[in-house]
S.K.: 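Input: one structure, supplied below.
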Amino acid sequence: MNDEAGQGLFEAAFAVPPIGEQERMLEAVLFASREPLSMRALEERLPRGCDVGEALVGLGRKYEGRGVQLARVGDAWAFRTAADLGFLMSREVEETRKLSRAAIETLAIVAYHQPVTRAEIEEIRGVSVSAGTLDQLMEMGWVKLGRRRMTPGRPMTFVVTQGFLDHFGLGSERDLPGIAELRAAGLLDNRPSPETPPSEDAPEGQGELLD
Amino acid sequence: MNDEAGQGLFEAAFAVPPIGEQERMLEAVLFASREPLSMRALEERLPRGCDVGEALVGLGRKYEGRGVQLARVGDAWAFRTAADLGFLMSREVEETRKLSRAAIETLAIVAYHQPVTRAEIEEIRGVSVSAGTLDQLMEMGWVKLGRRRMTPGRPMTFVVTQGFLDHFGLGSERDLPGIAELRAAGLLDNRPSPETPPSEDAPEGQGELLD
Amino acid sequence: MPEDFFDADSTAARLAAEALVIDVEGFEGPLDLLLTLARSQKVDLRRISILKLSEQYLGFVEAAKRLRIELAADYLVMAAWLAFLKSRLLLPPDPADEGPSGDDLAAHLAFQLERLEAMRGAAAQLMGRDQLGRDVFARGDTETVRRDVRVTYEASLVDLMRAYARIKTKDDFTPLHFRRGPVFAMEQALERMRGILGTCFGWQELAAWLPEDWLHEGKRRRSATAASFAAALELAKNGALEIRQEGAFAPIWLKPRQDGGLADQRQQDGEAG
């Protein structure tokens with residue numbers, strides 16, 4: 001028997017599994033992975049013709065209220081323990097590096113203002129961002145480089161990663177706490193200063209705000 | 001939520017959690033554990049008074065016929081993906097590895113200096129480049145052969161591919177961060193950081209790096 | 001901090017000074033300080049009195065100066081700017097004056113403060129969330145039943161940049177040294193020629209005197225020729241050698257003098273003595 005025949009048999013036997021079976025498959029694949037799996041990765045793993053989106057909905061519903069939850073992480077999915085049971089897991093707690101206040105604020109600014117340039121971060125915080133801060137956040141896998149801004153100088157931008165969303169249990173950037181209110185209040189706008197502001201790197205900040 | 005609050009709540013209530021809640025707890029603990037847990041270990045983790053035996057039976061029943069099974073491993077318990085779905089797991093075995101230092105350095109040199117000959121790569125790195133390194137990068141689809149250099153010997157040159165740009169999220173080779181930006185991001189931090197902010201002296205792509 | 005500072009007799013002044021020191025060090029720049037001062041007005045940041053805030057800040061800077069506390073330049077730049085803003089807010093607007101009005105500037109400062117405050121709040125909310133590895137957990141035991149490993153290599157842009165940075169900085173830290181080109185020194189040539197004088201009879205072309213490993217490559221050959229020629233002149237001067245050339249650019253011929261070696265030998269001893 002050759003490959004093609006095998007493939008044919010396989011497709012005949014498994015011609016799009018019923019949705020319940022698709023859910024089982026998704027469940028097994030997601031369970032086996034520690035890292036979130038993207039929709040695309042899931043589609044690649046499951047037999048052709050499966051409706052991953054629908055199966056995810058069904059699977060998520062099965063886990064509602066359970067000790068383990070199906071969590072959305074950006075455009076990926078993963079099983080995570082329910083947050084209210086964290087106290088049982090004291091033995092699994094991983095020691096985490098304590099972040100400085102500067103690092104935490106920088107992280108928040110990247111998350112809420114992304115894609116954001118270094119000059120914009122400095123303009124918001126009112127102090128220069130030390131070289132190590134962004135490097136540390138990048139090393140932790142929470143911040144990465146985004147596309148260059150199409151303004152004079154073409155500065156690099158920074159964005160948050162899927163690892164960031166996963167760590168803070170965010171389905172997407174839209175789930176950042178209070179982001180809708182902040183946006184409505186205009187606090188996420190890049191409002192240019194009416195004149196050359198006092199800080200020395202401001203002119204450049206302004207330049208970037210022209211887009 | 002923190003440990004103390006959770007613990008406090010339970011002790012205040014002083015009641016054994018209902019069996020459904022015990023099952024949730026078991027589910028989360030088994031899921032997060034790095035190894036199968038014995039009855040005794042489970043009893044130690046759950047609040048006092050829980051009937052682990054009964055909860056295990058209930059939990060096992062919930063997973064009957066599902067993609068994941070509650071399995072007995074010796075005298076301990078663990079979740080395992082259903083045996084009949086093993087064929088899905090075999091694709092799971094993608095292993096990601098970090099590129100070797102030689103490979104990533106060679107890749108960086110090709111990206112920043114392209115088109116570049118093997119001899120030039122060796123001169124920049126200061127060590128010889130093994131044939132396998134460039135082969136590996138070509139096999140991965142990140143580097144390809146460019147035009148021959150019109151110098152004696154007509155050496156082959158290497159350039160990066162569209163696949164490289166896609167993988168690293170670059171619009172073009174010009175989007176590679178310049179030296180000033182590397183320094184600003186703290187990656188070149190063993191020299192005093194420059195007084196000018198990064199975007200002002202942002203390099204025009206590779207041109208600057210070639211001198 | 002000046003040493004005599006603690007000799008100040010007034011305890012109150014000292015305490016005030018210490019409070020200030022702690023404050024300055026605790027602030028991350030002028031904007032941070034302004035935000036703290038603004039909070040003391042206990043009103044919505046949008047209704048904050050920028051005039052009052054400017055006065056508070058200038059008062060702070062004055063006090064710091066009086067107590068001889070070193071203030072970073074950006075604190076002083078901010079002070080100057082706030083003084084300017086204050087004058088704009090107090091004076092009636094000059095219709096001929098171009099540029100933003102005092103109110104515009106004040107509104108922007110209020111916006112900056114409000115935005116910074118908002119980001120601090122957002123940061124706190126973010127850190128207050130359930131975090132992976134602390135409150136929420138991933139599958140602990142990933143299954144080991146898998147076989148046929150397909151390795152995919154992975155690297156991020158940061159890895160790439162870091163690698164390039166490593167190569168670039170490596171050059172920055174090599175100790176400074178001047179790379180010498182391939183140069184055959186006259187002293188080397190002299191020593192070599194003295195060594196072979198005795199083994200050589202009759203006229204020989206200069207090229208024949210060059211060391212074997214300097215013969216082939218252009219630069220090395222030129223250097224060896226020049227050095228050997230200069231050495232030959234030196235030996236001829238000492239009477240150890242005769243030099244002959246038929247015409248301009250013609251080959252140069254050298255012949256050791258049978259008695260000359262001694263003269264050169266004496267000369268050499270003389271130098272050594």
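Hydrogens, waters and symmetry mates play no part in the numbers below; they use all other heavy atoms, side chains included.
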S.K.: How long is the gap from CG on C:D135 to CG on A:L85, to the nearest 0.5 Å?
M.R.: 11.0 Å
S.K.: Between A:H113, A:R125, A:E105, which is the residue that forms a side chain to side chain contact (heavy atoms under 4.5 Å, CB included) with C:M119?
M.R.: A:H113
S.K.: For A:L182, is it the side chain, the backbone, both or neither that has a heavy atom under 4.5 Å from a heavy atom of chain C?
M.R.: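 Side chain of A:L182 only, per the 4.5 Å heavy-atom cut-off to chain C.
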S.K.: Taking A:D175 first and then C:R129, would you say they form a salt bridge - that is, a charged N and a carboxylate O separated by under 4.0 Å?
M.R.: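 No, this pair does not count.
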S.K.: Does atom CZ of A:R40 have more than 12 heavy-atom neighbours from other groups under 6.0 Å away?
M.R.: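 No, CZ of A:R40 has 12 or fewer neighbouring heavy atoms, counting only those of other groups under 6.0 Å.
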S.K.: Measure across A:D189 and C:F111 and return the closest heavy-atom pair with its distance rounded to 0.1 Å.
M.R.: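 A:D189 and C:F111 have their closest heavy atoms at O-CZ, 3.7 Å.
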S.K.: What's the separation between atom CZ in C:R162 and atom CD in A:E139, rounded to the nearest 0.5 Å?
M.R.: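 C:R162 CZ to A:E139 CD: 5.0 Å, rounded to 0.5 Å.
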S.K.: Which of the residues A:D166, A:L188, A:L187 is involved in the greatest number of heavy-atom pairs with chain C at under 4.5 angstrom?
M.R.: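 Most pairs with chain C among the choices: A:L187.
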S.K.: Any side-chain heavy atom of C:F27 sitting closer than 4.5 Å to one from A:V127?
M.R.: no
S.K.: Tell me, side chain or backbone of A:A82 under 4.5 Å from chain C's heavy atoms, or both, or neither?
M.R.: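 The answer is the backbone of A:A82.
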S.K.: Let me know if A:L176 has heavy atoms under 4.5 Å from chain C in its side chain, its backbone, both or neither.
M.R.: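 Only the side chain of A:L176 comes within 4.5 Å of chain C.
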S.K.: Closest approach of A:R34 and C:G140, non-hydrogen atoms and distance?
M.R.: NH1-O, 3.7 Å
S.K.: Between A:F168 and chain C, which part of the residue has a heavy atom less than 4.5 Å away: side chain, backbone, both or neither?
M.R.: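 For A:F168, the contact with chain C is made by backbone and side chain together.
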S.K.: When rounded to the nearest 0.5 angstrom, what is the spacing between CG in C:L116 and CD1 in A:I109?
M.R.: 7.0 Å
S.K.: Can you tell which part of C:D74 gets under 4.5 Å to a heavy atom of chain A, answering side chain, backbone, both or neither?
M.R.: neither
S.K.: Less than 4.5 Å to any heavy atom of chain C: does that hold for the side chain of A:I179, its backbone, both, or neither?
M.R.: neither
S.K.: Give the intermediate values and the outcome of salt bridge (charged side-chain N to carboxylate O under 4.0 Å, His left out) for residues A:R80 and C:D130.
M.R.: CA-CA 11 Å; A:R80 298 290 181 243; C:D130 293 323; over 6 Å; no
S.K.: What heavy-atom pair brings A:I104 and C:A123 nearest, and what distance separates the two atoms?
M.R.: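 Reported closest heavy-atom pair: CG2-CB, 3.7 Å.
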S.K.: Nearest 0.5 Å please: distance from the CG atom of C:L31 over to the CD atom of A:E122.
M.R.: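 It comes to 12.5 Å.
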